[in-house]
Amino acid sequence: MTTTLPPRSVPDERVYALNPEKKVTLYFLVTGLVFLMVGVAIGPLQALNYAGIDVYRSLPFLKSYYQGLSLHGVLNALVFTTYFISGLLLYLPCRELGVRPNLKMSWAGYWIMTVGVLMAAVAVLGNNATLLYTFYPPLQGSPLFYIGAALLVVGSLVIGAQVVTIWTVWKRRHPREVTPLVTFMSVATWLMWFVASLGLVVEVVFLLIPWSLGLTRGVDPLLARTLFWYTGHPIVYFWLLPAYVSWYGLLPRSAGGVIASQTMARLAFVLFLLLSTPVGLHHQFADPGIGMGWKVLQMLLTFLVVIPSLLTAFSVGASLELGARARGGGGWSGWIRHLPWRDPVFVAQALAMITFIPGGAGGIVNASVALDAAVHNTAWIPGHFHITVGTATTLTFFGVTFWLLPHLTRKPLASRRMALWASWLWFWGMALFAVGMHWEGLIGIPRRTYLATATGLGDMLARAHIPMALTGISGLVLTVAAVLYFTVTFRTLFGPRVTAAQETPIPFSDSLEDAEHRALPAGAATVSPAGARIHGAQLVLDRLWVFTALALLLVVIMYGPTLIGMLLNPHPVPGLRLW
Ligand code: HAS
Ligand code: HEM
Ligand code: CU
């Protein structure tokens, strides 16, 4: 084995010569991971706070609990995700279509994003933007923060525009062909993000930046919150769909199987494109000044947007079952043992999927106007989103790095065992965290609270000993998981190179449809009648611009009257600095 390793000093240019897009992808990935490392480092301190243990008094580098929480939310949920997704959903479609992106534009996207994040970081680290990751007015921070946030989004849109352009050109050259699956899913995700990011862009550019620069005297908090959640809900699908791209398009191969149904995958993504955005009011059930009728309508649409996830659960579940049965598994559940449980690429993503089942169930509770009243603004909500974005997304991305980093750098994963331990500990850590936080929430303990020093909570804390202990322990387990994950990642990055022939491939998966096609006897019609019907359906689903237009129409209907009402009755208030 060691004899085949060339010296460490194989120059980068040789590795990236054939596919220079590898380098920009690697930059996106690694920069995202570095920000995640900083963001995650603060998480355990917050978990200890939710166990009633105060470590903040002895920390020289954080001025307050809320400065830490702002860094944690912004770096993990906004910055890490955006970098990782931009890299992944640029690279995969380019490789699948076999085209090279415009490298200047790709690097421009990277640098716009990075300048933006550094500006925002200066503001938050300097304690001038302790606004939490939702930056609701009237809390007012430094203009650097808002401009930085805008640049982060603009950077991602530059990358999205690249991918959509590449696809449009491909489609023009292949009008009768169906877009390859991974490209289709990536383009649908980017188009969804175009529609979804409008709210945030309008809020930041027209309300918050001029206000923070002193050009306007006030901002209407309700209007700002509504624009924020217009983007704030679909952003969760911007975090989730890249994981679905991997679950549908890549994981079946890692599991030794095939995609159960391409058509189902395409349908799920079209439903997300249509339904992700006009549901943001479910974050504002408790806000005054928004008609109950609109809240109930958006609640119903939220239930509809659950459907593509249910489709995904059954469809991806079937793919894995096919893989396990092909590996000799049998019985109604015995096949599960035959999945590749020694492969960290698979394990991290499978554990992420399992975690997403209770994550999604909790989401359905939140989406119900009546039930949300019991959990809104309690510790239940961070419980919910650490098993969605914090695990379904993050642990999937961990699994992706286990093949993608070796693929991009041509350096093998430093330690499979360590990667497996990191994945299992993240899974168990977040499981404990979720039980603890959901339970604390049901007792009534609020989120975003410096709990270790809080007063006025009555006997709540006395009733929450067990969930608080679980939350505290979870923080320790997650610390170990994170240390192992970053160790294996950076050891890989700085490890020795292998030859081009040993490069880790991209696990693009076959589908049952492809397999049937290939199984046709020689001389038979290339497509069976059933195959022709599937091809026709997929061509209809390929009209992503039409679905984008419909998505915009639905947004106008679902948000138009509410936003017009707010614009006609503005209630601007001056800014506050509470920290
Ligand atoms: Fe949520 C609040 C409703 C999904 C993230 N959510 C949040 C917040 C975040 C967040 C960050 O309606 C907090 C924002 C804040 O700071 O205030 N959420 C939902 C609903 C869904 C949902 C209905 N959320 C997500 C995802 C997120 C995320 C995804 C990030 C990635 N959420 C809400 C609501 C609120 C909310 C309200 C506001 C609450 C409040 O009061 O403030 C749905 O999309 C969920 C559908 C998912 C499923 C699960 C499908 C399962 C799958 C896995 C299959 C597994 C298999 C097992 C096959 C139905 C696909 C394989 C087996 C093996 C053996 C390997
Ligand atoms: C908030 C712990 C990783 C995103 C919180 C809170 C805790 C926590 C206890 C609640 C704080 C409060 O409401 O006062 C942890 C631990 C982690 C971890 C122990 C792992 C070591 C992550 C990851 C993500 C994430 C990976 C996303 C990718 C968030 C967000 C908030 C939050 C968005 C909300 C901030 C806010 O309310 O403003 N975290 N977290 N966390 N966490 Fe994490
Ligand atoms: Cu939502």
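Remember, it's 1-based here, ligands and their atoms both numbered in the order they're listed.
- With a 4.0 Å heavy-atom cut-off, ligand 1 is reached by the side chain of Tyr237 but not by its N, CA, C or O.
- No more than 12 heavy atoms of other residues, nucleotides or ligands shown are found within 6.0 angstrom of CH2 on Trp428.
- Shortest non-hydrogen contact noted between Lys63 and Gln67 is N-OE1, 2.7 Å.
- Between His384 and His438, the distance from one ring center to the other does not fall under 6.0 angstrom.
- Defined by atom type and a distance below 3.5 Å, a donor-acceptor pair is present between the side-chain atoms of Tyr83 and Thr114.
- Residues Leu198 and Leu552 form a side-chain contact, since some pair of their non-hydrogen atoms from C-beta on lies under 4.5 Å apart.
- The side chain of Trp229, and not its backbone, has at least one atom closer than 4.0 Å to an atom of ligand 1 (non-hydrogen atoms only; side chain from C-beta on).
- Residue-ligand proximity: Phe433 is placed with a non-hydrogen atom under 4.0 Å from ligand 2.
- Asn76 ND2, 3.5 Å is the protein heavy atom nearest to atom 23 (C) of ligand 2.
- Regarding atom 58 (C) of ligand 1, its nearest protein heavy-atom neighbour is Ala313 O, 3.3 Å.
- Ranked by closest heavy atom to atom 56 (C) of ligand 1, the top entry among Met353, His386, His376 is Met353.
- Looking at Ile387, Asp372, Leu371 and measuring to atom 39 (C) of ligand 1, the nearest heavy atom belongs to Asp372.
- Annotation: Trp341 places no N or O atom under 3.5 Å from an N or O atom of ligand 1; distance criterion only.
- For Trp426 and Phe398, the ring centers sit closer than 6.0 Å to each other.
- Close approach to Val306 involves these atoms of ligand 1, each under 4.0 Å from a residue heavy atom: 23 (C), 59 (C).
- Of the N or O atoms in Thr81, none lie within a sub-3.5 Å distance of an N or O in ligand 2.
- The aromatic rings of Tyr146 and Phe135 stand perpendicular to each other, their planes meeting at an angle above 60°, with 30° marking the opposite boundary.
- The nearest heavy-atom contact from the protein to atom 62 (C) of ligand 1 is Ile354 CG1, 4.2 Å.
- With hydrogens left out, the protein atom closest to atom 51 (C) of ligand 1 is Phe356 CD2, 3.6 Å, a heavy atom.
- Open room surrounds CD1 on Ile466; 12 or fewer heavy atoms of other groups in view lie less than 6.0 Å from it.
- Summary of contacts: the protein heavy atom closest to atom 47 (C) of ligand 1 is Gly360 CA, 3.4 Å.
- Remark: minimum distance from atom 12 (O) of ligand 1 to any protein heavy atom is reached at Ala367 CA, 2.9 Å.
- Using modelled atom types, one finds a donor on one side chain and an acceptor on the other under 3.5 Å when comparing Tyr65 with Asn49.
- Within 6.0 Å of CE on Met264 lie no more than 12 heavy atoms contributed by other residues, nucleotides or ligands.
- Closest to atom 31 (C) of ligand 2, if we only count protein heavy atoms, is Phe385 CE1, 3.2 Å.
- In the model, Asp54 has a side-chain atom that pairs as donor or acceptor with a side-chain atom of Tyr450 under 3.5 Å.
- Contacts between Phe303 and ligand 1, counted as non-hydrogen atom pairs separated by less than 4.0 Å, are absent for every part of the residue.
- Ligand 2 has a nitrogen or oxygen under 3.5 angstrom from a nitrogen or oxygen of His386.
- Below 4.0 Å from some heavy atom of Gln46 lie the following atoms of ligand 2, by number and element: 1 (C), 2 (C), 5 (C), 6 (C), 7 (C), 8 (C), 9 (C), 39 (N).
- Residue Leu310 touches ligand 1 through its side chain alone, judged by heavy-atom distances below 4.0 Å.
- For Thr302, every heavy-atom contact with ligand 1 shorter than 4.0 Å involves the side chain, none the backbone.
- Protein atoms of type N, O or S found under 2.8 Å from atom 1 (Fe) of ligand 1 total 1.
- Contact annotation for Thr449 and ligand 2: only backbone heavy atoms (N, CA, C, O) come within less than 4.0 Å of the ligand.
- Listed by chain and residue number, the protein N/O/S atoms under 2.8 Å of the Cu ion (ligand 3) are His233 ND1, His282 NE2, His283 NE2, with waters left out.
- Taking a cut-off of under 4.0 Å to the non-hydrogen atoms of Ala350, the atoms of ligand 1 that pass are 65 (C).
- In this structure, the ring of Tyr230 has its center less than 6.0 angstrom from the ring center of Tyr559.
- In the displayed structure, Trp421 atom CH2 is contacted under 6.0 Å by at most 12 heavy atoms of other residues, nucleotides or ligands.
- The nearest protein atom to atom 38 (O) of ligand 2, hydrogens excluded, is given as Arg448 NH2, 2.9 Å; this is a heavy-atom distance.
- At a 4.0 Å cut-off, at least one heavy atom of Tyr65 sits close enough to ligand 2 to count as contact.
- Looking only at atom types and distance, the side chain of Gln349 has a donor-acceptor partner in the side chain of Ser246 under 3.5 Å away.
- Per-residue contacts place Val389 under 4.0 angstrom from the following atoms of ligand 1 (heavy atoms of the residue considered): 30 (C), 31 (C).
- Annotation: Tyr244 places no N or O atom under 3.5 Å from an N or O atom of ligand 1; distance criterion only.
- Heavy atoms of Arg447 found under 4.0 angstrom from ligand 1 belong exclusively to the side chain.
- Ring centroid separation for the pair Phe35 and Phe80 does not come in under the 6.0 Å cut-off.
- For atom 17 (C) of ligand 2, the choice among Ala47, Ala77, Gly383, Gly43 with the nearest heavy atom turns out to be Gly43.
- When heavy-atom distances to ligand 2 are checked against a 4.0 Å cut-off, Thr394 comes that close only through its side chain, counted from C-beta outward.
- Aromatic rings of Phe28 and Phe84 (six-membered ring for Trp) have centroids beyond the 6.0 Å cut-off, not under it.
- When hydrogens are left out, the protein atom nearest atom 18 (C) of ligand 2 is His72 CE1, 3.4 Å; that is the closest non-hydrogen contact.
- Nearest protein neighbour of atom 38 (C) of ligand 1, counting heavy atoms only, is His283 ND1, 3.5 Å.
- Of all the heavy atoms of Ile381, the ones lying under 4.0 Å from any atom of ligand 1 belong exclusively to the side chain.
- Less than 6.0 angstrom separates the ring centroid of Trp193 from the ring centroid of Phe238.
- Of the protein's heavy atoms, Tyr133 OH, 2.6 Å lies nearest to atom 16 (O) of ligand 1.
- With hydrogens left out, the protein atom closest to atom 64 (C) of ligand 1 is Ile336 CG2, 4.0 Å, a heavy atom.
- The environment of Arg463 atom CZ is dense: over 12 non-hydrogen atoms of other residues, nucleotides or ligands sit within 6.0 angstrom.
- Note: no N/O pair closer than 3.5 Å links Phe346 and ligand 1 by distance alone.
- Using a non-hydrogen distance threshold of 4.0 Å, Phe314 does not register as a contact of ligand 1.
- Ring geometry for Trp247 against Tyr244 counts as tilted: the plane angle lies between 30° and 60°, on a 0 to 90° scale.
- For atom 50 (C) of ligand 1, the choice among Ala318, Gly390, Ser309 with the nearest heavy atom turns out to be Ser309.
- Between Asn128 and Arg577, the side chains place a donor N or O and an acceptor N or O closer than 3.5 Å (distance only, hydrogens not considered).
- Tyr248 and Thr312 share a side-chain donor-acceptor pair at under 3.5 Å.
- Scanning the protein for heavy atoms near atom 35 (C) of ligand 2, the closest one is Leu69 CD1, 3.7 Å.
- Look at Pro44 and you'll find a heavy atom under 4.0 Å from some atom of ligand 2.
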